[in-house]
Colleague: 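One structure follows; several queries about it will come next.
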Amino acid sequence: MDLYEHQARELFAEHGIVVPRAEITDSAAQARVIARRLGGRAVVKAQVRTGGRGKAGGVELAADPAAAEETARRILGMDIKGHPVRTVMLAEPVDIEAEFYVSYVLDRAAGTFLAVASAEGGTEIEEVAAARPEAVARIPVDPAEGVTAAKAARIADAAGLPPEAVDVLVRLWSVLTREDALLVEVNPLVRTARGQLVALDGKVTLDDNARFRRARWGAQEGTYDDPLEADAAAKGLTYVKLDGEVGVIGNGAGLVMSTLDAVAGCGARPANFLDIGGGASARTMADGLGVILSDPAVKAVLVNVFGGITACDAVADGIVRALDSVRLTRPLVVRLDGNNAARGRALLDARAHPLIQQAATMDGAAQQAAGLALATTPLGGAGTWPST
Ligand code: GDP
Ligand code: MN
């Protein structure tokens with residue numbers, strides 16, 4: 001989950017990194033009031049979770065409160081790379097003597113963190129990195145050792161940052177580790193005319209796995225790429241949208257992943273990953289089916305449950321109950337095994353829905369579901385099939 005700039009700066013300030021005075025608002029009239037409070041002049045900044053706001057016209061200096069109102073009104077009407085601007089931040093302008101770039105990012109491939117820093121920060125950092133990679137220092141950080149003052153001095157030295165950057169680098173590392181972030185970035189970190197280092201812009205990406213202890217940030221709109229993912233998360237389900245045509249529900253991440261493989265092994269493609277978790281109730285199952293069936297790409301659904309803590313009769317009950325609220329328009333293949341499997345199967349048999357069929361094994365179920373999905377979806381996808 002990406003934080004807004006104003007949230008990132010809040011974290012920076014809490015960890016002792018200097019940030020300009022600033023306030024946010026969604027009203028142009030209020031922007032004038034804030035500018036007055038800040039001393040008259042203000043930088044008006046679009047609050048959107050994407051970079052390059054400056055280049056897009058979303059960061060502008062206003063010379064007085066009236067100009068701040070006018071600028072805020074214009075920026076509040078903008079759309080930056082598909083992100084509508086709903087809030088602006090007004091910040092006290094800073095006299096910039098130099099712009100630096102500093103960040104820590106998780107390097108998944110290397111299995112470690114990376115400090116990335118440059119004495120040539122600012123809006124052109126991507127161009128600098130592409131044209132002259134040697135101008136951007138990239139130094140691995142062992143998470144067990146962290147960024148000590150000595151380590152920070154090596155990073156600052158490699159990037160050509162002033163000695164005062166050492167303190168900022170140490171504090172920024174504590175933002176990353178204490179706040180459960182996967183990325184923290186300051187661009188630009190500026191040196192003011194008075195020689196102070198100030199974080200003028202910030203980006204923080206939090207680890208979604210730590211969401212439960214970051215309630216402070218709430219469920220931010222735009223956190224999920226897909227509306228179905230947002231809907232599923234609201235229901236407490238672990239759902240990831242995929243590109244295929246076979247909807248998959250299972251209990252336990254490992255079983256669901258095996259099920260995705262089984263579907264792929266039958267020549268079809270899974271439409272999603274959905275784990276109803278251990279000890280799932282009838283309600284969870286009904287919610288899960290609801291999410292999957294609201295995906296129009298799904299041509300058949302495969303329910304694969306091996307009951308351990310989860311009781312198969314609860315799962316079957318959930319399926320039957322889901323039929324009350326969701327109209328089943330596509331075939332459902334169910335494989336129940338383990339805890340209370342016989343009772344679960346009997347419940348489904350008793351319901352005798354024409355679109356529900358049961359399978360004894362996971363592979364058998366995958367084959368049936370794939371066959372049903374492919375019967376309605378020519379391989380190669382819609383559009384490539386000659387219309388008759
Ligand atoms: P971004 O374009 O989304 O990265 O937005 P930034 O917050 O980084 O702002 C873009 C650029 O605007 C910065 O690199 C600065 O050059 C400039 N800028 C932002 N705030 C100030 C300020 O207070 N004073 C001055 N002089 N320039 C600023
Ligand atoms: Mn920036």
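By convention here, the first residue in the shown sequence is residue 1. For ligands, and for the atoms within them, numbers begin at 1 and follow the listed sequence. Since the model is a prediction, treat every value here as computed from it, not as a measurement.
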Colleague: Could you give the distance from CG (Leu332) to CD (Gln368), rounded to the nearest 0.5 Å?
Modeller: 11.0 Å

Colleague: With heavy atoms of Pro93 as the reference, note each atom of ligand 1 found under 4.0 Å away.
Modeller: 23 (O)

Colleague: Between the side chains of Thr50 and His83, does any donor sit under 3.5 Å from an acceptor?
Modeller: no

Colleague: May I ask you to identify the nearest protein heavy atom to atom 11 (C) of ligand 1, giving residue, atom name and distance to one decimal place in Å?
Modeller: Thr123 CG2, 3.8 Å

Colleague: Within a distance under 4.0 Å of any heavy atom of Lys45, pick out the atoms of ligand 1 and give their elements.
Modeller: 7 (O)

Colleague: Please check if a non-hydrogen protein atom sits closer than 4.0 Å to atom 13 (C) of ligand 1.
Modeller: yes

Colleague: Check the pair Glu69, Arg36 against salt bridge (charged side-chain N to carboxylate O under 4.0 Å, His left out), reporting the backbone distance first and the verdict last.
Modeller: CA-CA 10 Å; Glu69 174 169 349; Arg36 203 174 295 131; over 6 Å; no

Colleague: Counting only heavy atoms closer than 4.0 Å, does ligand 1 sit against the backbone of Asn187, its side chain, both, or neither?
Modeller: backbone

Colleague: Kindly identify the option in Arg9, Glu60, Glu99 whose heavy atom sits closest to atom 15 (C) of ligand 1.
Modeller: Glu99

Colleague: What's the separation between atom CG in Leu274 and atom NZ in Lys241, rounded to the nearest 0.5 Å?
Modeller: 12.0 Å

Colleague: Has Asn187 got an N/O/S atom less than 2.8 Å from the Mn ion (ligand 2)?
Modeller: yes

Colleague: Using 4.0 Å as the upper bound for N to carboxylate O, is an ion pair formed by Asp349 and Arg345?
Modeller: no

Colleague: What residue and heavy atom of the protein are closest to atom 27 (N) of ligand 1, and at what distance?
Modeller: Ile96 CD1, 3.3 Å

Colleague: Name the closest protein heavy atom to atom 3 (O) of ligand 1, giving the residue it belongs to and the distance to 0.1 Å.
Modeller: Arg53 NE, 2.8 Å

Colleague: Among the N/O/S atoms of Asp201, select the one at the shortest distance from the Mn ion (ligand 2) and name it.
Modeller: OD2

Colleague: How long is the span from the CD atom in Glu5 to the NZ atom in Lys203, to the nearest 0.5 Å?
Modeller: 12.5 Å

Colleague: Would you mind running through ligand 1 and noting each atom that sits below 4.0 Å from a heavy atom of Gly54?
Modeller: 1 (P), 2 (O), 3 (O)

Colleague: Salt bridge between Asp201 and Arg53, side-chain N to carboxylate O under 4.0 Å?
Modeller: yes

Colleague: Considering only the protein, which heavy-atom contact is closest to atom 4 (O) of ligand 1, and what is its distance?
Modeller: Asp201 OD2, 3.1 Å

Colleague: Would you say Arg335's side chain and Ala359's backbone share a donor-acceptor pair under 3.5 angstrom?
Modeller: no

Colleague: Short list, please: which atoms of ligand 1 are under 4.0 Å from a heavy atom of Val94?
Modeller: 22 (C), 23 (O), 24 (N), 25 (C), 26 (N)

Colleague: I'd like the name of whichever of Leu61, Leu200, Thr50, Val59 reaches closest to atom 21 (C) of ligand 1 through any heavy atom.
Modeller: Leu200

Colleague: Do the side chain of Asn187 and the main chain of Gly122 share a donor and acceptor less than 3.5 angstrom apart?
Modeller: yes

Colleague: Looking at Gln367, Arg330, Gln357, which one forms a side chain to side chain contact (heavy atoms under 4.5 Å, CB included) with Leu372?
Modeller: Gln357

Colleague: Would you call Ala91 a ligand 1 contact, heavy-atom distance under 4.0 Å?
Modeller: no

